[in-house]
Amino acid sequence: MAYWLLKTEPESFGIEHLAALPRRTASWDGVRNYQARNFLRDDVRRGDLAFLYHSSCAVPGIAGTVKVVRAAYADASAFDPRDPHHDPASDPAAPRWYTIDVQLQRRLPRLITLEELRAHERGKLRGLTLLQRGNRLSVMPLTSDHWRFILSLA
DNA sequence: GCCAACGTTGGC
DNA sequence: GCCAACGTTGGC
């Protein structure tokens, strides 16, 4: 099993939104970055676990964990001209973008803030992609050691 | 294939 | 709102 971190902006779609959905499950669509797409399409497996990270907000941090309940399939939002993530270059016969389904597994008892993660940047969380300079990836892998350590902070 | 210009991300 | 960092685009 692999571990991931998924970024989302809580003002548009955060853990509260996910928790309110039927079966607490959502399609993780709208990813429009090739490196993130490659992770989704090629490496994320059903059964993998991921942190749900809140970005672009007052206090960025990890809010909970989700389980991958469906592996990659074509991201239909790219085909919809009215969708903000519409991409006319994505052909339904050869989709450019992919999505996965995730189910909320656990809301952490408190937000593990970016500031707190940074406190371990040179220690237990050395090498964590999220903390690397200029990192903008919205889907990134993390090691099982990092996964367990971050959970131990909660 | 180079690289300047531009758009986006995301912490602060 | 600012701005550093990064990815993408497109002229050449």
Side-chain angles (χ1 to χ4, degrees), chain A residues 2-21 26-44 48-66 68 71-102 104-143 145-147 149-154:
Chain A
Y3 299 96
W4 305 91
L5 184 145
L6 303 174
K7 282 185 192 169
T8 187
E9 298 184 15
E11 284 187 18
S12 49
F13 187 88
I15 197 166
E16 310 294 337
H17 299 86
L18 185 54
L21 290 176
S27 178
W28 204 260
D29 58 11
V31 172
R32 297 291 181 269
N33 167 282
Y34 288 105
Q35 196 178 352
R37 186 280 311 267
N38 292 347
F39 282 134
L40 289 182
R41 187 190 57 187
D42 305 333
D43 301 316
V44 175
D48 284 355
L49 297 176
F51 284 129
L52 197 137
Y53 176 85
H54 283 172
S55 67
S56 291
C57 53
V59 186
I62 293 171
T65 67
V66 299
V68 177
Y73 58 101
D75 181 349
S77 71
F79 309 139
D80 180 359
R82 291 176 309 277
D83 193 284
H85 299 291
H86 175 235
D87 179 3
S90 186
D91 175 0
R96 173 176 294 190
W97 305 113
Y98 286 80
T99 182
I100 58 173
D101 287 354
V102 298
L104 181 61
Q105 186 193 38
R106 182 155 95 95
R107 304 172 69 141
L108 295 182
R110 63 183 187 84
L111 190 77
I112 309 298
T113 66
L114 177 60
E115 182 183 25
E116 188 172 356
L117 297 175
R118 284 220 181 278
H120 302 280
E121 196 169 7
R122 297 174 188 285
K124 298 275 193 180
L125 295 181
R126 180 185 298 274
L128 185 69
T129 304
L130 179 73
L131 301 179
Q132 283 168 7
R133 198 174 79 117
N135 166 65
R136 289 168 43 178
L137 261 187
S138 61
V139 178
M140 67 191 84
L142 70 163
T143 67
D145 282 350
H146 286 166
W147 175 270
F149 178 73
I150 291 169
L151 280 182
S152 79
L153 297 172

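Throughout, a chain's letter reflects where its sequence line sits, starting with A, and its residues are numbered from 1. Fair warning: this is a prediction, and the values are worked out from it, not measured in the lab.
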- Which residues pass the ring pair (Phe, Tyr, Trp, His ring centres under 6.0 Å) test with F13(A), sequence neighbours left out? H17(A)
Give the table of side-chain donor-acceptor pairs shorter than 3.5 Å for residues 36-44 of chain A, with sequence neighbours excluded, one pair per line with atom names and distance.
{"residue": "R37(A)", "atom": "NH1", "partner": "R96(A)", "partner atom": "O", "Å": "2.7"}
{"residue": "N38(A)", "atom": "OD1", "partner": "R41(A)", "partner atom": "NH2", "Å": "3.4"}
{"residue": "N38(A)", "atom": "ND2", "partner": "Y34(A)", "partner atom": "O", "Å": "3.4"}

- Report the residues that fulfil side chain to side chain donor-acceptor pair (under 3.5 Å) with D145(A), sequence neighbours left out, ordered by chain and then residue number. R148(A)
Pull out every protein N or O sitting under 3.5 Å from an N or O of nucleotides 3-5 of chain B, one pair per line with the distance.
none

- Quick one: list whatever passes salt bridge (charged side-chain N to carboxylate O under 4.0 Å, His left out) with R107(A), sequence neighbours left out. E16(A)
Below 3.5 Å between N/O atoms, which protein atoms pair up with nucleotides 9-12 of chain B? Just atom names and distances, please.
{"residue": "dG10(B)", "atom": "OP1", "partner": "K7(A)", "partner atom": "NZ", "Å": "2.6"}
{"residue": "dG10(B)", "atom": "OP1", "partner": "R136(A)", "partner atom": "O", "Å": "3.1"}
{"residue": "dG11(B)", "atom": "OP1", "partner": "Y53(A)", "partner atom": "OH", "Å": "2.8"}
{"residue": "dG11(B)", "atom": "OP2", "partner": "S56(A)", "partner atom": "N", "Å": "2.9"}

- Message: Going by side-chain hydrogen bond (donor to acceptor under 3.5 Å, both in side chains), name the pairs with one or both residues in residues 2-11 of chain A, residues two or more places apart or in two chains.
- Response: W4(A)-D48(A)
- Query: Which pairs, with at least one residue in residues 120-141 of chain A and sequence neighbours excluded, count as a side-chain hydrogen bond (donor to acceptor under 3.5 Å, both in side chains)?
  - Reply: R118(A)-E121(A)
- Message: Tell me every residue that passes side chain to side chain donor-acceptor pair (under 3.5 Å) with W147(A), counting only those two or more places apart in sequence or in another chain.
- Response: none
- Query: What is the distance from CE of M140(A) to P of dG7(C), rounded to the nearest Å?
  - Reply: 12 Å
- Query: Y34(A) has an atom OH; how far is it from atom P of dT8(C), in whole Å?
  - Reply: 7 Å
- Whole-Å distance separating the CD atom of Q35(A) from the P atom of dC6(C): 12 Å
- Search all heavy atoms of R32(A) against all heavy atoms of D75(A) and return the closest pair with its distance. NH1-OD2, 2.9 Å
- Who pairs with R106(A) by side chain to side chain contact (heavy atoms under 4.5 Å, CB included), at least two apart in sequence or on another chain? T65(A), L108(A), P109(A), L151(A)
- Note on the structure: Rounded to 10°, the helix from dG1(B)-dC12(C) to dC12(B)-dG1(C) deviates from straight, judged by its five-pair end axes, by 10°
- Message: Holding to ring pair (Phe, Tyr, Trp, His ring centres under 6.0 Å), I want the full list of residues that pass it with H86(A), two or more places apart in sequence or in another chain.
- Response: none
